[in-house]
Enquirer: 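Here it is, the structure in full.
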Amino acid sequence: MGILEGKKALILGIASKKSIAWGIAQAMKREGAEIGLTYQTERFKGRVEGFAEELSATFALECDVDHDDSIGDTFSTLENKWGHFDILVHSIAYAPRELLQGGYLDNLDREGFRIAHETSAYSFAALAKSARRLINEKGSMLTLSYIGAMKAMPSYNIMGPAKASLEANVRYIANQLGPDNIRVNAISAGPIRTLAASGVKDLRRFLEYVEKTSPLRRNVTIEEVGNAASFLCSDLASGITGEITYVDCGYNITGMTEL
Ligand SMILES: NC(=O)c1ccc[n+]([C@@H]2O[C@H](COP(=O)([O-])OP(=O)(O)OC[C@H]3O[C@@H](n4cnc5c(N)ncnc54)[C@H](O)[C@@H]3O)[C@@H](O)[C@H]2O)c1
């Protein structure tokens, strides 16, 4: 029997089969969860409906997290179909591409700062606000972060402060929902070649660096992130909330790998 048997999981953020959310959806399905998916816009509809079919998902709904109406519609449809549910996975981020290259201050402006924070951090709180009344006791919420929240990295730029805000959101939401026995966590994943990550200039060099210097001397996979996500959203992790769990082949623990 899988560790998510009997649970219903809403997963936001699949754009392709390289998406971290795809790795999570596959692992959660394997562990027995019933899956519901969303896609950002009409452009992704056909593709995500195909993925939903592969997972025997209950539904695939449009949800653009930049719009409150879209979030509202998603949860009213979910309520009609499921009533209540157990797991919310937020695997969404965006910043204008021109900000993800050069020095931090070079292309930074008020609008770019706002967009990165709104889509990548506020959206998690917005979803948590709507999901709260529909999530069962012992339910959990999960989001995806990156070490750029804690340490300055080349090119990652404005996404660093946006992920720092996201991680603080995890702690604040966890603190508020803990008394209802709802847990809230993040996985800080190592670099993976996906559509979003390809927006960061010289992603290839991030991957090479981790391969050379992380304790496991390789990069992490979406399957490994999916497995960790399944554990964190299962009752096996009942004592864990408000945490940022690194799934990065150990990269974050190193100061200097070797001389
Ligand atoms: N790939 C990496 O190296 C890496 C590492 C650590 C953390 N992450 C995080 O993982 C998460 C998933 O990214 P990914 O790497 O799988 O890339 P991806 O491009 O496959 O997924 C990003 C998703 O965000 C969605 N999205 C963007 N704006 C949206 C909006 N307004 N409304 C709804 N959806 C929207 C896209 O449609 C897409 O499905 C992101 O939070 C990302 O920052 C990625």
Side-chain angles (χ1 to χ4, degrees), residues 10-26 37-45 47-48 51-52 60-71 73-74 88-97 100 114-124 126-127 141-151 153 155-167 169-170 186-211 214 219-226 228-229 244-249 251-252:
L10 176 68
I11 300 175
L12 299 96
I14 299 184
S16 77
K17 285 202 170 175
K18 293 186 170 169
S19 292
I20 291 176
W22 175 246
I24 294 175
Q26 283 186 301
L37 301 180
T38 71
Y39 51 89
Q40 181 180 354
T41 54
E42 193 70 21
R43 187 159 77 87
F44 296 95
K45 184 173 194 277
R47 202 187 305 171
V48 174
F51 299 156
L61 307 172
E62 181 170 323
C63 183
D64 181 341
V65 296
D66 290 342
H67 298 282
D68 289 336
D69 309 353
S70 184
I71 294 176
D73 290 349
T74 301
L88 171 80
V89 177
H90 167 272
S91 187
I92 288 173
Y94 177 76
R97 204 180 176 94
L100 303 176
R114 182 191 66 73
I115 292 170
H117 282 73
E118 186 175 325
T119 307
S120 313
Y122 175 69
S123 63
F124 184 54
L127 291 167
M141 303 183 186
L142 182 78
T143 186
L144 274 300
S145 192
Y146 177 62
I147 194 173
M150 303 299 291
K151 310 266 182 192
M153 307 292 284
S155 304
Y156 199 63
N157 296 346
I158 189 57
M159 279 308 300
K163 290 297 193 193
S165 166
L166 178 68
E167 292 187 4
N169 266 278
V170 166
I187 285 177
S188 182
I192 300 175
R193 188 174 292 287
T194 62
L195 286 171
S198 305
V200 178
K201 190 165 167 29
D202 292 329
L203 173 72
R204 181 179 53 83
R205 291 171 64 190
F206 281 68
L207 294 163
E208 286 169 2
Y209 195 82
V210 170
E211 203 174 311
S214 67
N219 282 287
V220 77
T221 65
I222 62 169
E223 288 76 20
E224 289 172 315
V225 177
I244 315 300
T245 300
Y246 284 83
V247 181
D248 66 347
C249 296
Y251 174 77
N252 77 95

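Order of appearance sets the numbers: ligands from 1, and atoms from 1 within every ligand. What you see below is based on every heavy atom in this structure, not just the backbone, and it leaves out hydrogens, waters and symmetry mates.
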Enquirer: With hydrogens left out, which residues have an atom under 4.0 Å from ligand 1, given that only heavy atoms count?
Expert: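 For ligand 1, the contacting residues are G13, I14, A15, S19, I20, Q40, C63, D64, V65, D66, S91, I92, A93, T119, L144, S145, Y146, K163, A189, G190, P191, I192, T194, L195, A196, A197.
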
Enquirer: If the plane angle is over 60° it's perpendicular, under 30° parallel, otherwise tilted; pick one for Y251 and Y209.
Expert: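 Judged by the thresholds at 30° and 60°, the geometry between Y251 and Y209 is perpendicular.
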
Enquirer: Can you name the closest pair of heavy atoms from V170 and A186 and give their distance?
Expert: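 Result for this residue pair: CG2-CB, 4.0 Å.
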
Enquirer: Scan residues 197-206 for pairs that pass salt bridge (Lys or Arg N to Asp or Glu O under 4.0 Å), counting only residues two or more places apart or in two chains.
Expert: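 Listed once each, the pairs are D202-R205, R204-E208.
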
Enquirer: May I have the step-by-step check of side chain to side chain contact (heavy atoms under 4.5 Å, CB included) for L144 and V225, ending in yes or no?
Expert: CA-CA 10 Å; L144 274 300; V225 177; 4.1 Å; yes

Enquirer: Take atom CZ in F44; do more than 12 heavy atoms of anything else shown fall under 6.0 Å from it?
Expert: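 Correct, the count exceeds 12.
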
Enquirer: Evaluate whether atom CE of M150 has more than 12 neighbouring non-hydrogen atoms of other residues, nucleotides or ligands under 6.0 angstrom away.
Expert: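 Not buried by this count: 12 neighbours or fewer within 6.0 Å.
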
